[in-house]
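For reference, the structure is listed below as structure tokens.
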2 protein chains.
Amino acid sequence: MTQPNYSEEARMLVAVDCTIFGFDEEELKLLLVKRSFEPEKDKWSLMGGFLRDQETSDEAAERVLHDLTGLQQVFMEQVHTFTKPERDPGERTVSIAYYALINIKDHDTELSEQHDAQWFSLKDLPPLIFDHSQMVHKAILKLRQKTSTQPVGRELLPQKFTMRQLQRLYEAIYDEEFDKRNFTKRITLTNILKKLDEKDMSSSRKGAYLYEFDLEKDGHAHSYSFNV
Amino acid sequence: MTQPNYSEEARMLVAVDCTIFGFDEEELKLLLVKRSFEPEKDKWSLMGGFLRDQETSDEAAERVLHDLTGLQQVFMEQVHTFTKPERDPGERTVSIAYYALINIKDHDTELSEQHDAQWFSLKDLPPLIFDHSQMVHKAILKLRQKTSTQPVGRELLPQKFTMRQLQRLYEAIYDEEFDKRNFTKRITLTNILKKLDEKDMSSSRKGAYLYEFDLEKDGHAHSYSFNV
DNA sequence: TCAAAAGTGTTCACCGTACACCCATGG
DNA sequence: CCATGGGTGTACGGTGAACACTTTTGA
């Protein structure tokens, strides 16, 4: 059977949907948008968009994120592709789910207001359209997995941060509490942080040392693993 | 901006491509097909097919695998979605890559001959069309990851097998050799195997005990982890 | 009797975990 | 002077890794 082309096959819409993670010193949050068009207008959803003719899905995901936050060069990773025929009642649409890690203070709030976007605590999400809750769930699993092999603080924290902030971030990601002595030890072991002389005085009388990710060492072959 | 529908967006072909793993007591193999149509006719490729109107990608992957091997109820998992606009020169096609684990002796050889399919050692693959080599690469990584949290022997080995066969399988997956004492210990620890009274006499004078996966224990909460 | 594969245990180093007290400072 | 959060070390158990000799039996 030799076919000259694929003309009898079904064409369909392909979308990307982004689970956008941020961290506010307390808990993990997601940036959700109020959908501005039918179907499911005015319901909360992940930010998404359709794949264009000459675009990879990575590019589409970046574009979608940029439109909402003004940010570029953001860490994003593909999570899973969702294909149930009836998942979008408007028209058959296959959606490639992504997640993004952003510093919650960096994004352009005007842009996100234009999109009726809002940060929600991961622990208190509104109902989401279609299969977006499943996307969020898979995104968290993927984020945990990434966290277990690579540090994620650079993407989610300010440039300088305290050990406690980093710990709270990891606790939020794993939804689990850690002992601070063991946490400090494990992180120090990986050798990815540079301890600064500066202290952050905002959170306690004593003050907490600030750290930065050590760019010198980054890219070199130092092993990292954070098993919970 | 309220849109009544998505009419201005691009529709495209969506395909699934399957990396089919088998094990022949020695090495991991892939079942590849000689492509029967243009573009790239007569080149080696993963078995694939287009997503139909009322089909999930999981169903499409099963259908494609069934067409080639006659097998059903095979373990399959989604790997990654490939979206480069020019990846298929015939027409814009997004492809959802899957991998499958099959017992190399189970499949319908007539069917696979009809498709000009052939088993290739993972270590000696022919050039593959499009981005299929990348798909294979990601599939192996995913398989390793699965192997580290769940036993994969049930899918790839005959029902009864020796400890040595299981070890060779794991060595093939990780492309790494293990100490047989440590291997036996680690696997025994997980408690997933039942040692039979029978021996396999084909591989040595002494004979090797046969094992089965212990269905009693399966599904119960026994932890499994195989870290290399 | 010998060749070929199978089976089996111990030791050691490292890592993860549990756990409690003192420190610095602003109010 | 005291309340609040920050910082630090040790002891123990479990796990992964290294390692070598004996057993069986068909030829």
Side-chain angles (χ1 to χ4, degrees), chain A residues 25-27 144 147-149 151 153 157-158 160-174 176-212 222-228, chain B residues 25-26 144 147-149 151 153 157-158 160-212 222-228:
Chain A
E25 319 282 292
E26 245 343 288
E27 41 183 20
R144 284 185 188 157
T147 307
S148 71
T149 53
L157 292 173
K160 299 176 181 180
F161 53 88
T162 67
M163 192 59 83
R164 223 67 8 235
Q165 281 177 284
L166 186 64
Q167 180 173 344
R168 276 193 293 268
L169 170 60
Y170 276 55
E171 289 176 338
I173 291 173
Y174 286 110
E176 196 173 329
E177 299 202 341
F178 303 128
D179 177 276
K180 64 179 170 175
R181 282 163 294 190
N182 293 337
F183 182 82
T184 307
K185 206 191 311 171
R186 284 205 274 174
I187 294 292
T188 308
L189 246 283
T190 64
N191 216 30
I192 50 168
L193 297 187
K194 189 158 51 176
K195 189 177 193 169
L196 305 178
D197 287 332
E198 268 175 279
K199 283 190 160 191
D200 168 79
M201 300 306 292
S202 67
S203 66
S204 76
R205 320 259 189 240
K206 184 176 177 180
Y209 282 106
L210 288 166
Y211 292 79
E212 269 180 2
H222 60 279
S223 73
Y224 178 92
S225 98
F226 190 92
N227 303 307
V228 290
Chain B
E25 318 282 291
E26 243 347 285
R144 283 185 190 158
T147 307
S148 72
T149 53
L157 291 174
K160 298 176 182 180
F161 52 89
T162 67
M163 192 59 84
R164 223 71 4 239
Q165 280 177 284
L166 186 63
Q167 179 172 346
R168 277 195 291 268
L169 170 60
Y170 275 55
E171 289 176 337
I173 290 173
Y174 286 109
D175 192 21
E176 196 173 330
E177 299 202 340
F178 303 128
D179 178 275
K180 64 180 171 174
R181 283 163 293 189
N182 293 339
F183 182 82
T184 307
K185 207 190 311 171
R186 285 205 274 174
I187 293 293
T188 308
L189 246 284
T190 64
N191 216 30
I192 49 168
L193 297 187
K194 189 159 51 176
K195 190 176 192 169
L196 306 178
D197 286 333
E198 268 175 279
K199 283 191 161 191
D200 167 79
M201 300 306 292
S202 67
S203 66
S204 75
R205 321 260 188 238
K206 184 177 179 180
Y209 281 106
L210 287 166
Y211 291 80
E212 270 180 2
H222 59 280
S223 73
Y224 179 91
S225 99
F226 190 92
N227 302 306
V228 289

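Proteins come first, then strands; the chains are lettered A, B, ... in the order of their sequence lines, and each starts at number 1.
Within the model, atoms CD of A:Glu26 and CD of A:Gln165 stand 10.5 Å from one another, a figure rounded to the nearest 0.5 Å. The line from CG of B:Leu210 to CE of B:Met201 is 10.5 Å long, rounded to the nearest 0.5 Å.
Separating the CG atom of A:Asp179 from the C1' atom of D:dG9 is a distance of 12 Å, rounded to the nearest angstrom. Rounding to whole angstrom units, CG of residue A:Asp200 and P of C:dA24 are separated by 18 Å. Put simply, CE on B:Met201 is 17 Å from P on D:dT23, counting in whole angstrom units. Between B:Lys185 atom NZ and C:dG7 atom P there is a gap of 16 Å when expressed in whole angstrom units. The distance between atom CZ of B:Arg205 and atom P of C:dA3, rounded to the nearest whole Å, is 11 Å. For the pair B:Phe161 CZ and C:dA6 C1', the computed distance is 16 Å after rounding to whole Å. Rounded to whole angstrom, the span from the CD atom of A:Glu25 across to the C1' atom of D:dG5 amounts to 15 Å. What separates NZ of B:Lys180 from C1' of C:dA5 is a distance of 7 Å, to the nearest Å.
Ranking C:dT17, D:dT8, D:dG6 by closeness to the A:Ser203 side chain, first place goes to D:dG6.
Comparing A:Arg181 and B:Arg181 by the nucleotide of DNA chain D that holds the closest heavy atom to each, the one mapping nearer the 5' end is A:Arg181. Each of A:Gly207 and B:Ser204 was matched to the nucleotide of DNA chain C holding its nearest heavy atom; the match closer to the 5' end belongs to B:Ser204.
Heavy atoms of A:Lys199 sit nowhere under 4.0 angstrom from any nucleic acid atom.
Remark: B:Lys195 fails to qualify as a cation-pi partner of B:Tyr211 under the 6.0 Å distance and 45° angle criteria applied to the six-membered ring. Annotation: cation-pi pair B:Arg186/B:Tyr170 absent, no NZ/CZ under 6.0 Å from the ring centroid and within 45° of its normal.
No hydrogens or angles were tested; on distance alone, a donor-acceptor pair under 3.5 Å links the side chain of B:Lys206 to the base of C:dA6.
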